[in-house]
Amino acid sequence: MLKDMILKELMEHEGESVSGQYLADRYGVSRNAVWKVVKSLKAEGYVITSSTNKGYTLAGDNDILSTQSIRMNLDERNKGIDIYIYDSIDSTNNEAKRLIANDNNMGNALIVSDAQKMGRGRGGKSFYSPAGTGVYISFIYRASAVIREPDIITAKAAVAVIRTIKKLTDRKLCVCGVNDIYYEGKKVCGILTEAVSDLETGRTEQIITGIGINVSTEKFPDSISDRAGSLSRLKISRNELIAGIVNELTALFGDINDTGCRAEYNGYVNSCMNRSV
């Protein structure tokens with residue numbers, strides 16, 4: 001798709017000018033076609049400036065969720081996964097189940113939403129999911145073996161999130177209450193792992209890992225404002241964060257029964273306990 005290719009080109013030269021003629025020649029289209037694509041990208045919210053002599057420049061502070069932006073940051077082995085992006089949805093885990101119900105043989109896939117109307121946590125709790133400020137994803141992973149210790153899935157998900165944030169910011173987070181991730185004494189992330197099983201064999205067919213992260217959320221409902229926080233001061237790109245988590249998850253899920261990360265996970269738990277979170 002021409003729009004995806006031009007967006008990729010602008011992203012690879014973020015903050016730099018890219019000639020309209022260069023884009024037209026590269027993709028075998030007219031300069032008017034390039035202009036129409038840029039106009040469409042601007043309508044979607046991308047900040048792109050243009051200059052008659054220099055071309056088009058994508059501003060460095062865009063944080064719009066996009067398939068292209070996520071895929072650019074995925075490891076090579078993950079480039080081909082299906083990615084579904086929504087402006088708003090009831091719950092990404094709910095959507096994951098709907099997709100699986102329509103295709104029992106579904107492979108690895110990523111569901112992303114800019115907002116959730118009914119974001120879910122463990123024990124039926126809700127997860128506040130306003131638009132434009134968070135990461136709300138569900139990763140579908142097709143299991144290839146019987147899962148001997150189901151609790152390791154949530155542990156691996158927590159490790160994936162913390163490793164990714166540390167790589168992007170060099171900041172350390174901790175785990176409280178099995179699946180809640182804290183930063184500076186407040187909850188910034190919740191994890192909900194679910195499984196889809198074959199009723200005849202009892203074997204887990206797909207693992208659904210739901211992750212909600214307050215990336216730049218500043219205002220919370222009064223009911224959670226005393227304990228909810230965000231990563232706003234860390235200036236993280238949501239697309240990079242999502243891709244990084246998927247990369248870590250697929251690496252950790254490669255051997256689903258490998259419990260080698262449990263010591264790392266327990267270290268994050270102990271860190272929260274020592275801070276009296």
Side-chain angles (χ1 to χ4, degrees), residues 1-87 110-115 130-137 160-161 163-171 211 213-218 230-250:
M1 186 176 180
L2 181 60
K3 184 163 73 172
D4 287 342
M5 292 187 291
I6 289 180
L7 177 58
K8 181 176 185 292
E9 196 79 41
L10 292 174
M11 285 181 170
E12 289 177 346
H13 296 86
E14 189 178 83
E16 303 173 2
S17 295
V18 181
S19 164
Q21 188 62 57
Y22 164 80
L23 293 171
D25 292 343
R26 179 170 175 78
Y27 298 111
V29 298
S30 67
R31 291 193 62 172
N32 188 56
V34 172
W35 176 80
K36 287 182 178 179
V37 167
V38 172
K39 183 179 179 182
S40 175
L41 290 171
K42 287 182 177 181
E44 291 180 13
Y46 288 96
V47 179
I48 303 173
T49 58
S50 58
S51 169
T52 303
N53 298 321
K54 294 182 178 180
Y56 302 106
T57 305
L58 178 68
D61 57 353
N62 288 284
D63 195 28
I64 298 170
L65 297 172
S66 77
T67 299
Q68 185 63 58
S69 299
I70 294 170
R71 207 178 293 282
M72 280 178 58
N73 291 286
L74 289 174
D75 290 342
E76 197 60 39
R77 64 179 171 181
N78 295 321
K79 294 287 188 185
I81 67 170
D82 292 327
I83 300 176
Y84 303 86
I85 295 186
Y86 303 88
D87 290 331
L110 175 67
I111 297 92
V112 180
S113 188
D114 193 50
T133 66
V135 157
Y136 319 117
I137 66 173
V161 171
R163 282 182 181 177
T164 301
I165 293 173
K166 189 174 188 301
K167 285 181 180 179
L168 294 174
T169 69
D170 202 33
R171 299 300 178 92
I211 297 171
I213 305 174
N214 303 325
V215 177
S216 60
T217 314
E218 296 288 355
S230 78
L231 305 174
S232 57
R233 293 197 296 111
L234 303 185
K235 307 298 181 184
I236 298 177
S237 159
R238 291 189 295 168
N239 293 301
E240 287 185 27
L241 179 57
I242 292 168
I245 291 171
V246 171
N247 290 335
E248 291 289 347
L249 282 175
T250 52

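Keep in mind it's a predicted model, so treat the numbers as computed, not measured.
- Here the side chains of R26 and M5 are not in contact, with every heavy-atom distance at 4.5 Å or above.
- Side-chain atoms of L23 and V38, non-hydrogen and from C-beta on, never get closer than 4.5 Å to each other.
- Expressed to the nearest 0.5 Å, how far OG of S51 lies from NZ of K54 amounts to 6.0 Å.
- No side-chain donor from either of E218 and T133 sits under 3.5 Å from a side-chain acceptor of the other.
- Using a 4.5 Å heavy-atom threshold, the side chains of L231 and L168 count as separate.
- In this structure, CZ on R238 lies 7.0 Å from CD1 on I242, to the nearest 0.5 angstrom.
- Side-chain atoms of T164 come within 3.5 Å of backbone N or O of G244 as a donor-acceptor pair.
- The two residues V112 and I70 have their closest heavy-atom pair at CG2-CD1, 4.1 Å.
- Put simply, CG on N73 and CD on E240 are 5.0 Å apart, with the number rounded to the nearest 0.5 Å.
- Side-chain contact of S17 with T57: a donor-acceptor pair under 3.5 Å is present, judged by distance alone.
- Scanning for side-chain contact (heavy atoms from CB on, under 4.5 Å) contacts around S69 gives M11, Y46, S66, N239, with sequence neighbours left out.
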Take I83 and L74 through the test side chain to side chain contact (heavy atoms under 4.5 Å, CB included) and record every step on the way to the result. CA-CA 11 Å; I83 300 176; L74 289 174; 4.3 Å; yes
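- Here the shortest heavy-atom pairing between A115 and P130 reads CB-C, 4.2 Å.
- Contact of the I245 side chain with the I213 side chain is registered, since non-hydrogen atoms from C-beta on lie closer than 4.5 Å.
- Nearest heavy-atom pair across S216 and S232 is CA-CB, 3.8 Å.
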Checking M72 against E12 for the side chain to side chain contact (heavy atoms under 4.5 Å, CB included) test, could you report, in this order, the C-alpha distance in whole Å, the side-chain angles of both residues, the deciding distance, and whether it holds? CA-CA 9 Å; M72 280 178 58; E12 289 177 346; 4.0 Å; yes
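- With respect to E44 and K3, a salt bridge is recorded, a charged nitrogen being found less than 4.0 Å from a carboxylate O.
- Interatomic distance, Y136 OH to D114 CG, rounded to the nearest 0.5 Å: 7.5 Å.
- Remark: D87 CG to L65 CG distance equals 9.0 Å, nearest 0.5 Å.
- Separation of atoms CD1 (I236) and CG (L241) is listed at 5.5 Å; rounding is to 0.5 Å.
- No side-chain heavy atom of T250 sits less than 4.5 Å from a side-chain heavy atom of I81.
- Residue V34 comes nearest to G20 through the heavy atom pair CG2-O, 4.1 Å, listed as atom of the first residue, atom of the second, then distance.
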